[in-house]
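Please read these numbers as outputs of a predicted model, since none were measured by experiment. Numbering of ligands and ligand atoms starts at 1, following listing order.
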Amino acid sequence: MRSLFIKRVHLKEILTTARESNIEICGFLIGTMKGEDAFVDYVVFAENRLNSPVKFEIGPLETLKVLEKAEKEGKEIVGIFHSHLNCPPYPSPRDLKGMDLWRNAWLIVNNIGEYRAFVLENGQIKEIKVEVV
Ligand code: ZN
C-alpha cells in the first residue's frame, strides 16, 4: 500500500473526536482499494470496549456488522483508525499485533491533531502517505 486518501471532513471528525475524548477512540475506514491506494468513502466510529487511554479494542460483533455492510455495498474495510493520548501517532507494540491481524491501513491520530498512517509489510512497519482530499 502506498497512500490513504481521506476526505478532509472525515479526518476532521476523527481528530475532533480524539481531541475531546479522554480514552482512545477507534473505528473503521470504509472504501475501496485501487492498486496500491486506499480510498475512504466513509468512517464508522466503534466503541473502545477497553475504555482505556492507552489501548483500544473493537468487539468482534461490531466488526462483523461493519464488514457485512461494507461487503453489501461492494466496499471493504480499507483501514482502522484509533487515537493516542499525549504521545506520537506511531504504532505501539500492542498496535503491531493488531496490524498483524488486520493487514490494512492503520491511521493513528492523537489528541493534539497529529496523524500518520502505517501498514505492516513483511513484518516491518511502513509509513504510507495520508492524502487529504
Ligand atoms: Zn495505538
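- By the 4.5 Å heavy-atom criterion applied to side chains, L29 and I14 are counted as neighbours.
- At a cut-off of 2.8 Å, measuring from the Zn ion (ligand 1), the protein N, O or S atoms that fall short of it are H82 NE2, H84 NE2, D95 OD1, D95 OD2, waters left aside.
- With values rounded to the nearest 0.5 angstrom, E71 atom CD is found 8.0 Å from I77 atom CD1.
- With rounding to the nearest 0.5 angstrom, the CH2 atom of W106 is 12.0 Å from the CZ atom of F118.
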inquiry  = salt bridge (Lys or Arg N to Asp or Glu O under 4.0 Å) for K72 and E68? Distances and angles first, verdict last.
reply    = CA-CA 6 Å; K72 253 180 232 162; E68 282 178 345; 5.8 Å; no

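- Closest approach of D95 and P91 over heavy atoms only: OD2-CA, 3.6 Å.
- Tested against Y115, the residues L4, N110, V132 include a single side-chain contact (heavy atoms from CB on, under 4.5 Å) partner, V132.
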